[in-house]
Amino acid sequence: MLKQSPTNKEIDHILKRGVALVEKEADLRRLLLEGNKGEPLRVKLGVDPTHYDLTIGHAVVFRKLRQFQKLGHKTVVVIGDWTARLGDPSGRVEARKALSAEQVAENSKTYLDQFFRIVDSEQTEVHRQTEWFDKFDLGDAIKLLGYKTVAQMLERDDFSKRYKSGIEISLAEFMYPLLQGYDSVALRSDVELGGTDQTFNLLVGRDLQPIFGQASQQILTMNLIVGLDGEKKMGKSLDNYISMTAPAKDMFGKLMSLPDKTMRTYFEALTEIDEEELDEFDRKMAEGTLNPRDVKLRMAREIVTEFHNAEAAQEGQEAFIRQFSERKLPTDIPDYHLAASQNVVELIVSAGLAASNNKARELIKQGGVSLFARGESGESERITDPNTTIEVIDGAILKVGKRQHIRIKA
RNA sequence: GGGCAGUUACCAAAGUGGACAAAUGGGACUGACUGUAAAUCAGUUGCGUAAGCUUCGAAGGUUCGAAUCCUCCACUGCCCA
């Protein structure tokens with residue numbers, strides 16, 4: 001049900017918060033006020049069925065969809081089961097294998113399970129590209145290609161970069177934006193969301209719709225959050241991500257390890273804290289009356305609350321302070337059953353704390369391994385000799401590196 | 001279709017017959033410092049306790065000896081048509 005007359009504040013929130021670009025803001029503002037002839041807007045999101053472990057970066061866009069839903073608009077999800085076959089547009093060399101229908105079904109399910117943690121499934125339609133593209137023939141495909149020129153395709157940032165630096169671009173990849181654009185036609189999309197990396201693809205949808213007699217969709221792109229390195233886009237391939245389903249404690253720790261400069265974007269993308277308050281944080285940090293650490297603790301708490309709940313966030317914070325501020329042992333050390341006394345190096349490797357004997361020895365040499373013979377209450381002893389034998393002492397804790405621990409069990 | 005260039009460790013990139021498990025930079029890891037960080041400093045980064053073993057796109061070959069030379073194959077880029 002379309003919400004009657006949303007406030008300017010609500011609309012601004014949708015149009016501004018965490019947003020990189022709105023194509024034709026005035027038009028979108030009008031749509032948000034009036035709907036599409038009084039009907040809820042169809043807000044589209046394309047989904048790639050090859051991912052299953054979603055990151056909190058994906059959630060940035062999901063949260064924006066949720067904001068639309070709160071005004072009564074409809075979410076329209078397209079599972080990209082056709083484009084997934086075309087090869088990765090992010091610059092990987094290998095073309096992807098076609099996924100079987102079963103794989104698509106399975107991947108989509110795990111995707112949607114995570115998606116619906118944030119987005120309301122009641123207000124969501126789910127479609128697959130194969131619904132319309134299975135009916136496509138060569139003529140349709142070529143016709144689609146005819147709507148764009150090579151020069152236009154090369155406007156896309158990653159294409160032009162790759163072209164200039166001599167990295168291959170498969171022709172099939174040119175289909176990608178076109179198919180994705182055609183999805184908007186097939187779904188009669190009013191608005192499409194995506195990350196800034198999707199800008200070009202979303203614009204293609206905008207261009208195609210009038211050709212098929214539809215009004216152009218509005219597009220809204222979100223600032224993507226950077227990954228744990230603080231520089232690059234969060235993503236699985238860079239291994240700098242926080243999983244949406246990460247345990248609260250883990251999520252908290254990772255959030256705290258983010259560089260200070262990323263805080264504002266994270267606040268804007270993943271929390272509902274007012275801009276005014278965020279401005280005040282910035283001001284006070286600049287004048288030195290507020291410790292950035294405390295702001296980051298707040299940030300981590302807010303975000304963990306979004307994905308879990310306030311209680312889990314609080315526990316995450318306590319565990320974090322305990323382990324890293326106070327440098328005490330963590331509370332949830334996994335048990336490791338030790339049948340007989342064993343050499344440290346072997347123990348470290350068989351417990352999976354190092355990849356090889358060499359690596360384990362290296363850690364020992366570097367002073368990264370200590371033993372708490374009496375558990376957390378006792379003193380720790382740094383192990384410096386790789387020939388040390390670890391006795392079976394029930395409850396003893398072995399610390400390997402900064403954050404790996406095992407508790408020895410008889 | 002023709003010509004030229006290239007393929008080296010997680011990534012980038014040197015190496016062009018022996019001193020190469022392979023320079024350098026990034027990343028990662030460990031320690032110190034710290035706010036949890038950033039910055040900085042020190043160290044490590046194929047496997048093996050070691051002797052040694054397996055690596056430089058693939059396979060063969062030349063050589064006492066090959067990342068380096070030859071043959072062939074695969075892949076990529078550029079130029080010409």
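In what follows, chains are A, B, ... by sequence order, proteins preceding strands, each numbered from 1.
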Identify all pairs in which a protein N or O lies below 3.5 Å from an N or O of nucleotides 77-79 of chain B, and state each distance.
none

Distances under 3.5 Å between nitrogen or oxygen atoms of protein and nucleotides 49-56 of chain B:
residue	atom	partner	partner atom	Å
rU49(B)	OP1	Arg361(A)	NH2	3.4
rU49(B)	OP2	Asn357(A)	ND2	3.1
rU49(B)	OP2	Arg361(A)	NH1	3.0
rU49(B)	OP2	Arg361(A)	NH2	3.3
rU49(B)	O5'	Arg361(A)	NH1	3.3
rU49(B)	O5'	Arg361(A)	NH2	3.4
rU49(B)	O4'	Arg361(A)	NH2	3.2

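Counting any heavy atom pair closer than 4.0 Å across all strands shown, Pro386(A) reaches no nucleic acid atom. At the heavy-atom level, Leu258(A) lies under 4.0 Å from the strands shown only through sugar-phosphate atoms. Within 4.0 Å of Lys359(A), counting heavy atoms only, lie sugar-phosphate atoms of the nucleic acid but no base atom. Base contact: Lys296(A) has a heavy atom under 4.0 Å from a base atom.
Rounded to a whole Å, the CG atom of Asn240(A) is 16 Å from the P atom of rC11(B). Distance, Asp260(A) CG to rA38(B) C1': 7 Å, rounded to whole Å. With rounding to whole Å, Ile321(A) atom CD1 is found 14 Å from rA37(B) atom P. For the pair Lys399(A) NZ and rU30(B) C1', the computed distance is 11 Å after rounding to whole Å. Between Met285(A) atom CE and rA38(B) atom P the separation is 17 Å, expressed in whole Å. As a whole-Å value, the separation of Glu362(A) CD from rA21(B) C1' is 14 Å. Between Met299(A) atom CE and rG35(B) atom C1' the separation is 14 Å, expressed in whole Å. Whole-Å rounding puts the Lys402(A) NZ to rG43(B) C1' distance at 13 Å.
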Dump the intermediate steps for salt bridge (charged side-chain N to carboxylate O under 4.0 Å, His left out) on Arg17(A) and Glu272(A), then the final yes or no. CA-CA 9 Å; Arg17(A) 177 78 167 205; Glu272(A) 293 297 330; 5.5 Å; no
Show your working on side chain to side chain donor-acceptor pair (under 3.5 Å) between Lys64(A) and Gln67(A) and close with a plain yes or no. CA-CA 5 Å; Lys64(A) 186 58 74 176; Gln67(A) 290 170 11; 3.0 Å; yes
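Screening Arg264(A), Arg298(A), Lys284(A) for a salt bridge (Lys or Arg N to Asp or Glu O under 4.0 Å) with Glu277(A), the sole residue that qualifies is Arg298(A).
Nucleotides rG65(B) and rC53(B) have their P atoms positioned 15 Å apart, rounded to a whole Å. Only the P atoms considered, rA21(B) is 29 Å distant from rA28(B), to the nearest whole Å. Across rG17(B) and rC69(B), the matching P atoms stand 8 Å from one another, rounded to whole Å. Comparing the P positions of rU55(B) and rA22(B) gives an interatomic distance of 16 Å, to the nearest angstrom. Using C1' as the reference atom, rU24(B) and rU8(B) are 14 Å apart when rounded to the nearest Å. Rounded to a whole angstrom, the distance from the C1' atom of rA42(B) to that of rG35(B) is 22 Å. Nucleotides rA9(B) and rA14(B) are separated by 13 Å at their P atoms, to the nearest Å. rC20(B) and rG46(B) have their C1' atoms separated by 13 Å, with the value rounded to a whole Å.
Gln69(A) and Asp120(A) share no donor-acceptor pair across their side chains, judged by distance under 3.5 Å alone. In summary, the side chains of Gln217(A) and Ser189(A) do present a donor paired with an acceptor at a separation below 3.5 Å, with no hydrogens or angles considered. Using modelled atom types, one finds no donor on one side chain facing an acceptor on the other under 3.5 Å when comparing Gln198(A) with Glu192(A).
Phe136(A) is linked by a ring pair (Phe, Tyr, Trp, His ring centres under 6.0 Å) to Phe133(A), Tyr182(A), counting only residues two or more places apart in sequence or in another chain.
Look at Ser257(A) and you won't find any side-chain N or O under 4.0 angstrom from OP1 or OP2 of rA37(B). Listed pair Arg382(A) / rA32(B) meets the phosphate criterion, a side-chain N or O lying under 4.0 Å from OP1 or OP2. A sub-4.0 Å separation between OP1 or OP2 of rG35(B) and a side-chain N or O of Ser325(A) is absent.
Side-chain atoms of Asp294(A) and base atoms of rG35(B) include no donor and acceptor less than 3.5 Å apart. On a pure distance criterion of 3.5 Å, no polar donor-acceptor pair joins the side chain of Gln366(A) and the base of rG31(B).
Shown here, rC53(B) forms a base pair with rG46(B); the pair counts as Watson-Crick or G-U wobble because both key distances fall under 3.5 Å. With a cut-off of 3.5 Å on both pairing distances, the Watson-Crick or G-U wobble partner of rC75(B) is rG6(B). Both distances falling under 3.5 Å, in either a Watson-Crick or a G-U wobble arrangement, place rG60(B) opposite rC70(B). Remark: rA13(B) base-pairs with no nucleotide in the shown strands. Criterion, Watson-Crick or G-U wobble with two distances under 3.5 Å. Summarising the base pairing, rC41(B) is matched to rG31(B) through a Watson-Crick or G-U wobble pair whose two defining distances lie under 3.5 Å. Summarising the base pairing, rA23(B) is matched to no nucleotide, lacking a Watson-Crick or G-U wobble pair whose two defining distances lie under 3.5 Å.
Under a 3.5 Å cut-off, the side chain of Thr110(A) and the backbone N or O of Asn107(A) do form a donor-acceptor pair. Proximity of a side-chain donor or acceptor of Gln214(A) to a complementary backbone N or O of Val185(A) within less than 3.5 Å is detected. Side-chain atoms of Asn343(A) come within 3.5 Å of backbone N or O of Pro386(A) as a donor-acceptor pair.
In terms of position along RNA chain B, the nucleotide closest to Val295(A) lies nearer the 5' end than the nucleotide closest to the other residue of the pair Ser356(A) and Val295(A).
Comparing rG35(B), rC29(B), rU45(B) by their closest approach to the side chain of Arg403(A) singles out rC29(B).
For Lys254(A) and Asp250(A), the salt-bridge test passes: some basic side-chain N is under 4.0 Å from an acidic carboxylate O.
The OG1 atom of Thr265(A) sits 9.5 Å away from the CG atom of Leu258(A) when rounded to the nearest 0.5 Å.
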